[in-house]
Amino acid sequence: MIKKNADYWIKNLCMSGHPEGGYFKETFRGADMIKTGHLKRGYSGPRHAYTVIYYLLKSGQISVLHRLKSDELWDFYAGGPLTIYGIDPQGRYFEKKLGPDPEKAESFLHLVPAGCWFGAAVDNKDTYTLVGCFVSPGFDYQDYELAEREKLLAEYPQHREMIEKMTHEAFT
């Protein structure tokens with residue numbers, strides 16, 4: 001029997017590197033398009049109704065802080081637990097554990113509302129986490145923003161420890 005480790009999933013799901021860290025593979029892009037002019041979030045044009053990806057992080061990797069104009073639903077599939085770290089639009093800090101054990105306050109699903117800064121990291125050494133990410137309206141790089149450490153620290157100094165953990169230093 002083949003051990004289903006991170007490399008197994010990366011290979012068999014045909015995943016590639018993701019700009020925020022880890023690996024991904026788009027699995028679905030809704031055929032229906034949504035006119036976004038009536039939505040509050042300032043989309044620049046129509047979007048697919050939804051998009052879905054597989055997303056995998058290995059221990060020691062992080063999904064750096066970023067934000068979307070759309071809601072993103074994370075769905076746990078395999079591996080060890082993962083923590084989603086974030087700051088909501090009102091500046092409140094949150095953590096949510098995804099994983100297979102509800103007795104350890106882990107859940108299979110977590111919705112990250114639009115406009116939140118968020119990232120993720122695998123909780124345990126020598127493991128990985130495989131999740132699905134469902135975005136609606138569908139993901140578009142025009143609606144995606146990677147965090148700049150210094151700007152976030154200036155805006156949310158009370159969350160310094162998490163921001164430094166979940167971003168990269170600026171290159172000078």
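Just so it is clear, the model here is predicted, and its values are computed rather than measured.
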Does [X] pair with [Y] as a salt bridge, N-O distance under 4.0 Å?
X: K69; Y: D140; result: no
X: R41; Y: D71; result: yes
X: E106; Y: K97; result: no
X: K151; Y: E155; result: no

Q. So W117 and L152, side-chain contact (heavy atoms from CB on, under 4.5 Å) or not? Walk me through it.
A. CA-CA 9 Å; W117 288 106; L152 277 186; 3.5 Å; yes
Could you go through the side-chain contact (heavy atoms from CB on, under 4.5 Å) check for L98 and F108 one step at a time?
CA-CA 6 Å; L98 289 185; F108 290 113; over 6 Å; no
Give a yes or no on whether [X] atom [atom1] has more than 12 heavy-atom contacts from other residues, nucleotides or ligands under 6.0 Å away.
X: F94; atom1: CZ; result: yes
X: E161; atom1: CD; result: no
X: N12; atom1: CG; result: yes

Would you check if there is a donor-acceptor pair between the side chains of [Y] and [X] at a distance under 3.5 Å?
X: T129; Y: Y77; answer: no
X: E95; Y: T83; answer: no
X: S59; Y: K125; answer: no

Open item on the list: As a quick check of understanding, evaluate side-chain contact (heavy atoms from CB on, under 4.5 Å) for R47 and D143, giving each step before the final call.
Closed with: CA-CA 10 Å; R47 296 290 182 267; D143 308 327; 2.6 Å; yes
Q.
Check the orientation of Y85 and Y93. Use parallel for under 30°, tilted for 30 to 60°, and perpendicular for over 60°.
A. tilted
Mind checking whether Y55 and Y23 have ring centres under 6.0 Å apart?
-> no
With sequence neighbours left out, the residues meeting ring pair (Phe, Tyr, Trp, His ring centres under 6.0 Å) with Y144 are H66, F139, Y141
request  = Apply the test side-chain contact (heavy atoms from CB on, under 4.5 Å) to residues E72 and F134: give CA-CA distance (whole Å), side-chain angles for both, the deciding distance (0.1 Å), then the verdict.
outcome  = CA-CA 6 Å; E72 183 169 7; F134 177 98; over 6 Å; no
